[in-house]
Amino acid sequence: MFGKKDRKVRVLFIDDRNDLTSQLAEYFTREYFGDRYEAYSAGPKRDLVDCELISEMYRRGEDMRRQFSKDFKDRDSLRDDEDYDVVVFLRKGVFDEWAKRTPWQGRQALAELGSADDFDATDDLELAGCYSELIDRVSAWVKENLGDAERLRSLIVA
């Protein structure tokens with residue numbers, strides 16, 4: 001597909017703080033397509049993985065407690081050789097600011113999947129619904145776009 005046939009495709013998901021959407025994309029890629037992809041995530045800044053996300057995923061039977069936030073300098077968790085086949089930016093603002101400044105090789109894609117900044121909840125029940133919708137959206141995107149090599153190839157913008 002993108003890499004050599006004797007290895008998995010290496011994909012890196014990037015968002016602002018690597019605390020929510022990119023964590024979901026990394027998690028679902030490993031869950032659904034771990035036999036085909038090496039999935040990573042990072043952001044220009046690191047933060048804690050969103051506790052509400054972890055709770056909502058756990059409520060669904062998905063355990064993300066081992067996920068942790070990484071920034072661009074995290075050499076313990078990102079590839080030392082900086083060799084990714086696809087780098088997927090999950091926010092247009094992050095793409096605009098960082099796409100030409102990151103050290104990573106590989107093709108770049110943009111998938112605007114949303115973030116907590118988009119949540120418009122006024123109470124805890126609505127907030128849980130916002131998390132649930134984001135989880136469903138990222139899960140569906142991963143299934144649809146990483147399950148089909150041509151579909152993923154069509155997302156490449158740089």
Side-chain angles (χ1 to χ4, degrees), residues 1-5 7-44 46-72 74 77-79 82-96 98-99 102 104-119 127-158:
M1 179 167 121
F2 292 100
K4 299 175 183 170
K5 293 194 183 273
R7 68 167 173 82
K8 296 177 183 180
V9 174
R10 297 170 179 153
V11 61
L12 173 65
F13 297 100
I14 295 176
D15 70 7
D16 300 344
R17 294 178 306 272
N18 189 228
D19 64 338
L20 186 65
T21 311
S22 57
Q23 291 289 336
L24 283 169
E26 176 185 7
Y27 176 84
F28 285 128
T29 300
R30 287 182 178 166
E31 287 295 305
Y32 302 149
F33 304 112
D35 60 328
R36 291 188 253 171
Y37 292 92
E38 283 181 34
Y40 302 86
S41 67
R46 88 173 61 194
D47 201 344
L48 297 174
V49 176
D50 190 293
C51 293
E52 296 291 334
L53 170 66
I54 292 170
S55 295
E56 183 62 23
M57 288 289 283
Y58 199 74
R59 189 187 67 72
R60 291 169 166 236
E62 302 283 350
D63 189 354
M64 288 186 66
R65 291 178 295 176
R66 293 180 190 253
Q67 296 281 123
F68 59 95
S69 183
K70 286 99 39 203
D71 64 23
F72 291 166
D74 190 337
S77 302
L78 298 175
R79 295 192 56 79
E82 299 178 343
D83 184 17
Y84 295 97
D85 298 301
V86 183
V87 178
V88 182
F89 289 85
L90 300 173
R91 298 287 292 182
K92 182 162 180 5
V94 177
F95 176 83
D96 291 343
W98 289 98
T102 62
W104 296 296
Q105 301 171 19
R107 295 161 183 90
Q108 296 178 338
L110 175 60
E112 183 73 45
L113 295 177
S115 75
D117 295 340
D118 303 322
F119 294 175
L127 183 60
C130 291
Y131 278 98
S132 185
E133 288 173 15
L134 179 64
I135 292 166
D136 291 343
R137 185 170 44 254
V138 174
S139 173
W141 185 91
V142 167
K143 282 181 182 175
E144 182 177 334
N145 292 288
L146 274 64
D148 178 353
E150 288 306 312
R151 184 113 175 140
L152 181 58
R153 196 179 320 273
S154 74
L155 297 175
I156 304 300
V157 294

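All values derive from a computational prediction rather than experimental measurement. In this chain, residues are counted from 1 in sequence order.
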Stepwise side-chain contact (heavy atoms from CB on, under 4.5 Å) check, Leu12 with Val88: CA-CA 6 Å; Leu12 173 65; Val88 182; over 6 Å; no
Inset, instruction - Check step by step if side-chain contact (heavy atoms from CB on, under 4.5 Å) holds for Ile14 and Val94. - result: CA-CA 8 Å; Ile14 295 176; Val94 177; 3.8 Å; yes
Here the pair of heavy atoms bringing Asp19 nearest to Leu53 is O-CD2, 4.3 Å
query = So, Asp71 side chain and Pro44 main chain: donor-acceptor pair closer than 3.5 Å or not?
reply = no
Side chain to side chain donor-acceptor pair (under 3.5 Å) filter on Gln67, not counting sequence neighbours, yields Gln23, Glu26
> Is any side-chain N of the basic residue among Arg10 and Asp83 closer than 4.0 Å to the acidic one's carboxylate O?
Replying inline: yes
Quiz prompt | Heavy-atom side-chain proximity of Tyr58 to Asp63 below 4.5 angstrom | solution = yes
Looking only at heavy atoms, the pair that brings Ala99 and Phe89 closest together is CA-CZ, 3.7 Å
dist Ile54:CD1 -> Glu62:CD (nearest 0.5 Å) comes out at 13.0 Å
In short, Val86 meets Ala109 closest at the heavy-atom pair CG1-CB, 4.5 Å
Check your understanding: Tyr27 versus Val142: any side-chain heavy-atom pair under 4.5 Å?
Key -> no
Would you call the rings of Tyr32 and Phe28 parallel, tilted or perpendicular, taking 30° and 60° as the class edges? parallel
Notebook entry, point to check: Under 4.5 Å between any side-chain heavy atoms of Phe95 and Glu112, yes or no?
Noted result: no
Six-ring centre of Phe68, Lys70 cation under 6.0 angstrom, axis tolerance 45°:
yes
**Prompt:** Taking the side chain from Arg30 and the backbone from Ala39, do they hold a donor-acceptor pair closer than 3.5 Å?
**Reply:** yes
Any chance the side chains of Ser132 and Arg60 put a donor and an acceptor closer than 3.5 Å? yes
Evaluate the side-chain proximity of Phe13 to Val87: yes if any heavy-atom separation is below 4.5 Å, no if none is. no
Contacts of Arg137 meeting side chain to side chain donor-acceptor pair (under 3.5 Å) (sequence neighbours excluded), chain-then-number -> none
Notebook entry, point to check: Taking atom types as modelled, is there a side-chain donor on Tyr37 or Asp85 under 3.5 Å from an acceptor on the other?
Noted result: no
Contacts of Ser69 meeting side chain to side chain donor-acceptor pair (under 3.5 Å) (sequence neighbours excluded), chain-then-number -> none
Is it the case that Tyr40 and Glu38 place a side-chain donor and acceptor less than 3.5 Å from each other? yes
On a heavy-atom basis, the closest approach of Phe119 and Leu20 is CZ-CD2, 4.5 Å
- In terms of side-chain heavy atoms, does Arg151 have a donor or acceptor partner in Asn145 at a distance below 3.5 Å? yes
>> Under a 3.5 Å distance rule, please check whether Thr21 uses its side chain to pair with a backbone N or O of Gly114 as donor and acceptor.
In response: yes
| said: Would Val157 and Arg107 count as a side-chain contact (heavy atoms from CB on, under 4.5 Å) here? Give the steps. | reply: CA-CA 8 Å; Val157 294; Arg107 295 161 183 90; over 6 Å; no
To the nearest 0.5 Å, atom OG of Ser115 lies from atom CG of Leu134 at 8.0 Å
Closest non-hydrogen contact found for Gln108 with Thr102 is NE2-OG1, 4.0 Å
Scanning both residues in full, the closest heavy-atom pair of Leu24 with Met57 reads CD2-SD, 3.8 Å
*Do the non-hydrogen side-chain atoms of Trp141 and Leu155 ever get within less than 4.5 Å of each other?*
yes
Self-check item: Donor-acceptor contact present, side-chain Ser139 to main-chain Ile135, <3.5 Å
Solution: no
Next item on the list: Apply side-chain contact (heavy atoms from CB on, under 4.5 Å) to Asp16 and Arg91, showing your working.
Entry: CA-CA 8 Å; Asp16 300 344; Arg91 298 287 292 182; 4.2 Å; yes
